[in-house]
Structures are given as structure tokens and as C-alpha cells.
Chemist: 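Below is a structure I'd like to ask you about.
Counting starts at 1 for both ligands and their atoms, following the listed order.
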Amino acid sequence: MTHDAKRLGEFELIAKYFAPLAGKEAGAFGLKDDAAYLRPTAGKDLVLTTDAIVAGVHFLPGDPANEIAQKALRVNISDLAAKGATPRVYLLTLALPPAIDEPWLKSFAAGLKRDQAHFGVTLVGGDTVATPGPLTISVTAIGEVPQGHMLTRAGAQLEDDIWVSGTIGDAALGLRVGQGELVDFDDKHRATVLARYRVPEPRLKFGMLLHGIAHACLDVSDGLIADLGHMSEQSGLGVIVEAGAVPLSAAARAATAAKRMSLSELLTGGDDYELVVAAPVSRRKRIMALAERTKTKLSRIGRTTKGREVLVMGAGGERLNFERRGFTHF
Ligand code: ADP
Ligand code: MG
């Protein structure tokens with residue numbers, strides 16, 4: 001840790017910046033005990049998820065600290081949304097390189113505070129360590145679903161509709177902007193896609209209400225095509241996607257029109273944190289009403305089929321091929 005953070009000391013740092021985020025949550029003991037407890041609501045299952053983000057991999061080292069905090073929390077909230085869960089608490093592990101100072105921590109904690117209020121979730125514990133490596137933030141989030149009703153990737157059935165929330169490919173474009181590319185691209189578009197990369201919008205209000213309507217759900221983190229592949233594999237079904245039906249933002253449409261980004265790059269770019277939902281045709285009206293009620297943009301992009309493949313069809317019914325399907329770490 002830097003001079004600053006070191007002088008502050010690990011326990012002071014936790015007391016000053018993180019204990020306030022534990023608020024009145026009884027089981028958190030003001031972040032002063034070895035562990036926290038959580039009493040599950042009667043009739044609910046706990047849903048557990050964890051995701052780490054690493055400087056240079058999931059965010060850029062110079063990104064604003066408050067937005068890094070928001071991303072760390074939001075990628076986890078997105079997983080809970082995809083399981084139909086309502087968030088309750090989270091744990092936070094920080095591996096801090098020497099350059100981290102107090103202003104950075106202050107901004108980071110402010111980002112968490114803002115999102116805790118937004119998503120109804122409270123910090124209940126974590127760990128703080130120094131690292132000679134890149135800044136790494138790991139969040140473990142815990143939510144609840146009615147017993148036996150967690151949505152899975154495996155539940156899709158034959159002839160289900162495949163829906164997707166929001167728009168696809170913006171974060172992939174935003175990463176390019178963040179890396180200093182696309183400098184001559186429209187300023188408004190640049191700002192929009194950069195924000196989509198830095199601070200994704202988990203579709204929580206919509207996801208939380210999907211149990212009982214959807215057969216299967218997942219969030220798009222690796223890339224739409226790759227993640228459809230995960231659903232297809234787990235459900236033991238094929239998926240046909242109509243490329244023209246995949247929702248693109250004005251920025252993404254402008255980028256493809258100007259040949260700055262291909263459709264294939266948008267559909268395999270990842271970091272979208274949109275929900276992919278498989279639901280029976282008979283529930284079309286219900287799912288559309290739910291999207292409207294929660295102000296969620298929702299598009300029907302395809303359906304499940306026999307087989308095991310994800311097929312993407314062009315406007316003329318031709319099959320589109322993708323060199324890469326999505327992001328993989330290894
Ligand atoms: P231990 O001695 O068991 O390793 P620590 O000294 O790591 O515990 O942490 C002391 C307390 O501070 C614990 O309640 C822990 O959950 C909390 N804590 C440590 N780091 C963080 C963090 N980054 N965010 C939230 N709580 C934290
Ligand atoms: Mg301990």
C-alpha cells in the first residue's frame with residue numbers, strides 16, 4: 001500500500017471507509033468480527049455468486065475509482081438478476097497495489113454506497129490485502145429466491161422463445177474507446193459506450209420477477225453467442241438467432257455502418273450484462289408486460305431447436321459464421 005494507505009492502517013481503513021457501508025445490518029457487527037451471519041427469510045433459498053475484476057482485464061487502471069466499485073458490485077448483481085434473485089448482502093475482497101491512496105479509497109467507497117442504495121444490498125464483510133500485482137476486487141453477493149425457484153441455464157425447453165434485454169455490443173465498443181481508439185467517432189456515442197463498459201446496468205428489476213415465467217436465464221458476460229452456447233449446452237438444445245433481431249444501440253449501429261466494428265465483434269464482445277431469457281411462446285404477453293412494467297427494453301431474438309448448436313441467421317436466411325464466440329481468459 002502507499003504511504004497514505006499504510007499510514008492509515010488496515011483496521012482504520014476498514015473502519016473509515018467500509019464499516020459505514022455495513023450500516024444497521026445486524027449480522028455484520030460493524031465489520032468488527034471474524035465473520036458475519038445471515039438469517040435466510042422463511043421459504044427462500046439463498047443464491048450465492050462471486051466475481052472478481054482485475055485491472056487491465058475487466059477495467060482500465062485509470063478508470064474512476066467510484067465506477068470500478070460500481071462495476072465490481074454490478075457484475076455480481078447481474079448474476080443474481082439472472083437467477084431471479086433479490087440481492088441481500090455482499091462480501092468484498094480487495095487486493096490493493098501500492099499506488100492506492102486515500103482519495104482513491106474514498107471515491108471507491110462512495111461508488112459502493114451509491115449502488116448499495118440503488119440495488120438494496122449491504123456490505124457485511126470481506127478482506128483487504130496488499131498485492132505486488134494489479135488491483136483486484138472480488139465481490140461475493142448473496143440473494144434470495146422463493147424456495148426451489150432459482151432460474152438456471154439448464155431449464156430451456158424445445159420451441160422456447162429466446163429474449164434479450166437492453167442492447168448488445170456497447171461495452172465492447174466502450175472498451176475500444178477506453179483504450180484510446182475510435183477517437184474520431186461521434187462524442188455522444190463515445191460517452192454512451194464508455195459508460196456501458198465502465199458501469200453496466202444489471203437488469204435486476206426485470207430478473208427478480210422472472211421466476212415462474214422464464215424457463216431459463218443467464219447474463220451475457222462473455223459475449224452473446226458464447227453465452228447462448230452455455231445455455232444451449234446446459235439445456236441440451238440448439239438455439240437459432242436472427243442476427244437482424246439482436247438489439248443494437250444507435251452508437252453500435254453507427255459503428256457498424258462506419259465499418260468501425262463488425263456485427264460479429266458486437267455479438268461476441270462480452271461485458272454486456274444483459275439477460276438472455278428462454279420462455280415458452282405461451283408466455284409472450286406476460287414477459288412483455290413484465291418488461292414494460294420494469295421499463296426494460298426486451299427483444300425476441302430467436303428460439304430453441306433440436307440439436308446442440310447456436311446458429312446465427314443473416315437477413316437472407318444464410319448462416320453467419322463467427323471466428324470467435326466470446327471472451328475466454330485461458
Ligand atoms: P481476519 O482477522 O479474520 O482475517 P480481517 O482482519 O481480515 O479479519 O477483517 C476484519 C473485519 O473487517 C472482518 O469483519 C472483515 O469481514 C472486515 N473486512 C476486511 N476487509 C474488508 C473489506 N474490504 N470490505 C468489507 N469488510 C472487510
Ligand atoms: Mg478472523
Chemist: Just wondering, more than 12 heavy atoms not from Lys113 lying within 6.0 Å of its NZ?
Modeler: no
Chemist: Sequence neighbours left out, what pairs pass salt bridge (charged side-chain N to carboxylate O under 4.0 Å, His left out) with at least one residue falling in residues 212-231?
Modeler: none
Chemist: Show the atoms of ligand 1 that are less than 4.0 angstrom away from any heavy atom in Asp34.
Modeler: 3 (O)
Chemist: Ligand 1 versus Phe11, non-hydrogen atoms closer than 4.0 Å: side chain, backbone, both, neither?
Modeler: side chain
Chemist: Heavy atoms only, cut-off 4.0 Å: how does Thr93 contact ligand 1, side chain, backbone, both, or neither?
Modeler: neither
Chemist: Check each of Val124, Asp127, Leu94, Asp33 against atom 10 (C) of ligand 1 and report the one with the nearest heavy atom.
Modeler: Asp33
Chemist: Evaluating non-hydrogen atoms only, which member of Ala36, Gly125, Ala15, Ala95 is closest to atom 26 (N) of ligand 1?
Modeler: Gly125
Chemist: Going by the rule side-chain contact (heavy atoms from CB on, under 4.5 Å), which residues pair with Ala278 if we only count those two or more places apart in sequence or in a different chain?
Modeler: Ala156, Asp160, Ile162, Ala216, Met231
Chemist: Within the supplied structure, the quantity of interest is the number of heavy atoms (other residues, nucleotides, ligands) at a distance under 6.0 Å from Glu159 CD; does it exceed 12?
Modeler: yes
Chemist: Which is closest to atom 24 (N) of ligand 1 by heavy-atom distance: Leu92, Leu13, Leu105?
Modeler: Leu92
Chemist: Does any N or O atom in Gly126 lie less than 3.5 angstrom from one in ligand 1, N or O only?
Modeler: yes
Chemist: Which ligand 1 atoms are under 4.0 Å away from a heavy-atom of Ile14?
Modeler: 12 (O), 18 (N), 19 (C), 20 (N)
Chemist: Ring of Tyr197, cation from Lys71 - is the NZ or CZ under 6.0 Å from the centre and inside 45° of the axis?
Modeler: yes
Chemist: At under 4.0 Å between heavy atoms, is it the side chain or the backbone of Leu31 that contacts ligand 1, or both, or neither?
Modeler: both
Chemist: Quick one: which ligand 1 atoms are inside 4.0 Å of a heavy atom on Leu123?
Modeler: 24 (N), 25 (C)
Chemist: Evaluate the criterion side-chain hydrogen bond (donor to acceptor under 3.5 Å, both in side chains) for residue pair Glu274 and Ser165; output intermediate values, then yes/no.
Modeler: CA-CA 5 Å; Glu274 296 296 348; Ser165 66; 2.5 Å; yes
Chemist: Do the ring planes of His211 and His149 sit parallel (below 30°), tilted (30 to 60°) or perpendicular (above 60°)?
Modeler: tilted
